[in-house]
Trainee: 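Have a look at the structure that comes next, please.
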Amino acid sequence: MNPDIASGSMDHQLTLTGIVERAERFHAGQAVISRRPSGAVSRTTFGACASRARRLAAALRSLGVGVGDRVATLMWNQSEHLELYFAVPAMGAVIHTLNPRLFPDELGFIVNDAGDTVIVVDESLLEVFESFRATRDFAHIIVVNHSGEAAGTLDYETLLAHAEPVEWSALDERQPAAMCYTSGTTGRPKGVVYSHRALVLHSLVSALPDQLAVSARDTVLPVVPMFHANAWGLPYAAALAGARLVLPGPRLDPESVLDLCANEHVTMTAGVPTVWMGMLAALDAEPDRWKLPELDRLIVGGAAVPQSMFEGFDRHGLTVVQAWGMTETAPLGAVCRLPEHLDTGGQDERYGYRTRQGVASPFVEIRARDDNGETIAWDDAAMGELEVRGPWVTGSYHGGRGAENFTDDGWFRTGDVVRIDPHGCIRICDRSKDLVKSGGEWISSVDLENQLMSHPSVAQAAVIAVPDDRWGERPLAVVVLRDNATASPEELRDHLAEEFAKWQLPDRVEFVAALPCSATGKFKKSELRTMFATA
Ligand code: AMP
């Protein structure tokens with residue numbers, strides 16, 4: 001540092017409290033709309049959510065929640081979840097969103113690994129909660145939309161009614177604000193902990209015009225759940241920008257989503273390809289049923305977007321924009337916006353570009369390295385594993401697990417194999433991580449294989465992802481039986497069902513005499529994919 005000059009800029013902390021206060025002060029009247037499990041729609045505002053968040057924080061404090069304590073949520077996209085998104089980080093605690101689709105055993109592991117002290121559950125998810133409740137001694141269980149029947153629980157509304165609003169205290173921007181678990185290739189899910197600074201910078205950048213473009217003129221419908229990578233950060237970006245927020249609850253069938261888009265004049269929505277596949281089929285079947293003149297863009301990510309989806313929505317005058325990201329990147333990592341020079345390009349060239357995963361978002365640095373550890377050229381030919389670093393990219397997992405996902409020089413290894421064009425636009429070609437992504441949710445091939453191989457009749461098993469029109473990918477198990485042993489596909493699926501949720505079970509089980517192996521003794525999954533992908 002040169003002693004002659006010092007920065008005069010204030011050292012102002014970038015905390016989510018700034019977003020919550022802005023929503024309360026400047027966007028107080030902006031609507032927050034929730035579709036309830038019953039289908040009824042309830043309406044509130046950012047102002048009401050932010051002022052209720054002050055009372056919620058007081059209530060949580062009186063229950064003993066302090067700085068750094070983890071408050072778990074088992075909820076849909078609903079206004080109370082937004083209140084928790086506001087209150088928990090702003091009071092210095094950490095909001096931990098739980099995915100209700102996980103198997104009870106996984107949820108039990110996750111709440112214990114995170115050390116959750118209090119859990120807030122929507123009444124419609126009490127059955128899921130009961131399935132893992134015994135695994136952890138929660139200090140308090142709070143129920144939203146409570147009919148008062150669950151023993152040993154507190155009612156969310158009663159707590160709020162008896163609390164006095166708090167004034168927010170100053171926080172350090174590097175304090176943890178939120179956490180979310182992601183499935184690993186093998187072993188248990190790993191916790192990603194986001195700092196205030198990471199989420200504030202993520203909100204600012206995702207609101208930029210060539211990123212997700214969130215403005216006060218928008219009505220944003222995150223179909224992506226608030227328990228999956230913070231609904232891609234959209235609740236915070238909408239609160240920051242002052243966009244109307246439409247929260248769809250659990251009803252994500254195409255008709256319900258299209259009804260919401262039409263009735264609430266949604267301008268922007270976001271979710272995984274599986275959801276949009278269904279919407280496209282519904283639109284194709286009844287093109288005149290929904291009037292969507294305001295719907296300006298559908299942000300689609302979480303899995304590759306096929307060209308047929310771009311073409312299909314183009315036919316209805318709706319624009320799909322592909323984005324790439326991960327739980328570990330908070331999640332925005334890249335967005336694919338058509339460059340201006342392609343406005344006049346040919347159809348094929350435009351679709352060729354739009355099916356790519358896009359250009360890294362500002363402040364997200366990318367590189368890719370080949371099997372020899374050499375950084376690949378950006379020539380759109382060489383392939384390597386994508387590595388990223390940046391202010392909202394995780395630098396470690398909770399508890400220091402998964403160290404192998406980070407390089408010695410501080411980059412995060414994504415497990416996505418890419419080509420990069422000379423302008424830095426990524427195309428995902430393969431995946432080095434051994435996982436199946438079905439309907440936007442991960443299934444660990446390795447865990448399925450281990451469970452299959454624990455069956456007395458199974459000698460070897462390999463699980464591969466095969467393309468599926470509806471879910472993007474589905475798991476397929478290839479099994480070698482022990483000599484003279486027998487087992488039916490149903491028997492093996494029953495054996496898997498002891499450890500896995502129904503949607504995680506392979507649809508197909510194929511029996512072979514031997515599995516193809518590489519020189520190092522690993523199963524050659526690429527060969528299996530060629531054998532079975534289209535069979
Ligand atoms: P998650 O942490 O569950 O959000 O999953 C992140 C992973 O999803 C990435 O590492 C990719 O493998 C995959 N993914 C996300 N977005 C895309 C995309 N646009 N195209 C292809 N794969 C994607």
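One-based numbering, in listed order, for ligands and for the atoms of each.
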Trainee: Are any side-chain N or O atoms of Arg354 and backbone N or O atoms of Gln322, one a donor and one an acceptor, separated by less than 3.5 Å?
Mentor: no
Trainee: Looking at Lys433, which atoms of ligand 1 are within less than 4.0 Å of one of its heavy atoms?
Mentor: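 With Lys433 as reference, the close atoms of ligand 1 come out as 9 (C), 10 (O), 12 (O).
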Trainee: Purely on distance, is any nitrogen or oxygen of Gly440 under 3.5 Å from one on ligand 1?
Mentor: no
Trainee: What ring pair (Phe, Tyr, Trp, His ring centres under 6.0 Å) pairs are there with at least one residue in residues 314-343, not counting sequence neighbours?
Mentor: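 Found none.
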Trainee: Please report which non-hydrogen protein atom sits nearest to atom 5 (O) of ligand 1, along with the residue it belongs to and the distance in Å to one decimal place.
Mentor: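 The answer is Lys437 NZ, 2.9 Å.
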Trainee: With a 3.5 Å distance limit and no angle check, can you tell me whether Thr375 reaches the backbone of Arg369 through a side-chain donor-acceptor pair?
Mentor: no
Trainee: Test your reading of the model: is there a side-chain donor-acceptor pair from Asn405 to the backbone of Arg413, 3.5 Å cut-off?
Mentor: no
Trainee: Could you identify the single nearest non-hydrogen protein atom to atom 11 (C) of ligand 1 and state the distance to 0.1 Å?
Mentor: Asp416 OD2, 3.1 Å
Trainee: Could you check whether any heavy atom of Ala229 sits closer than 4.0 Å to an atom of ligand 1, since that is the contact criterion I want to use?
Mentor: no
Trainee: Supply the atom-to-atom distance Ser203 OG to Leu208 CG, rounded to the nearest 0.5 angstrom.
Mentor: 11.0 Å
Trainee: Go through ligand 1 atom by atom and flag the ones less than 4.0 Å from a non-hydrogen atom of Gln357.
Mentor: 18 (C), 19 (N), 20 (N), 21 (C)
Trainee: Looking only at distances, can you tell me whether any N or O atom of Thr327, backbone or side chain, sits closer than 3.5 Å to an N or O atom of ligand 1?
Mentor: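 By distance alone, the answer is yes.
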Trainee: Does Ala303 have a non-hydrogen atom less than 4.0 Å from ligand 1?
Mentor: yes
Trainee: Note the single closest protein heavy atom to atom 4 (O) of ligand 1, along with its residue, its atom name and the distance in Å.
Mentor: His228 NE2, 3.3 Å
Trainee: The test is side-chain hydrogen bond (donor to acceptor under 3.5 Å, both in side chains); show your working for Asp218 and Thr267 and say whether it passes.
Mentor: CA-CA 6 Å; Asp218 275 311; Thr267 62; 2.6 Å; yes
Trainee: When you look for heavy atoms under 4.0 Å from ligand 1, do you find them on the side chain of Glu441, its backbone, both, or neither?
Mentor: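 Neither part.
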Trainee: If you have a sec, work out which protein heavy atom is nearest atom 3 (O) of ligand 1 and how many Å separate them, to one decimal?
Mentor: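 Checked against all protein heavy atoms, atom 3 (O) of ligand 1 sits closest to Trp442 NE1, 2.8 Å.
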Trainee: Quick one: does Gly302 get an N or O within less than 3.5 Å of an N or O on ligand 1?
Mentor: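 Yes - when backbone and side-chain N and O of Gly302 are compared with those of ligand 1, one distance drops under 3.5 Å.
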Trainee: Ignoring angles and geometry beyond distance, decide whether Val305 reaches within less than 3.5 Å of ligand 1 through its nitrogen or oxygen atoms.
Mentor: no
Trainee: Are the aromatic rings of Phe129 and Phe132 close, with centres under 6.0 Å apart?
Mentor: yes
Trainee: Please list the nearest protein heavy atom to atom 6 (C) of ligand 1 with its residue and the distance rounded to 0.1 Å.
Mentor: Gly325 O, 3.3 Å
Trainee: Please determine whether any non-hydrogen atom of Ala323 lies less than 4.0 Å from an atom of ligand 1.
Mentor: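 Per 4.0 Å heavy-atom rule, Ala323 contacts ligand 1.
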Trainee: Tell me the ring pair (Phe, Tyr, Trp, His ring centres under 6.0 Å) pairs involving residues 398-429, sequence neighbours left out?
Mentor: Tyr397-Phe406, Phe406-Phe412
Trainee: Evaluate the ring planes of Tyr181 and His96, with Trp represented by its six-membered ring, and classify them as parallel (under 30°), tilted (30 to 60°) or perpendicular (over 60°).
Mentor: tilted
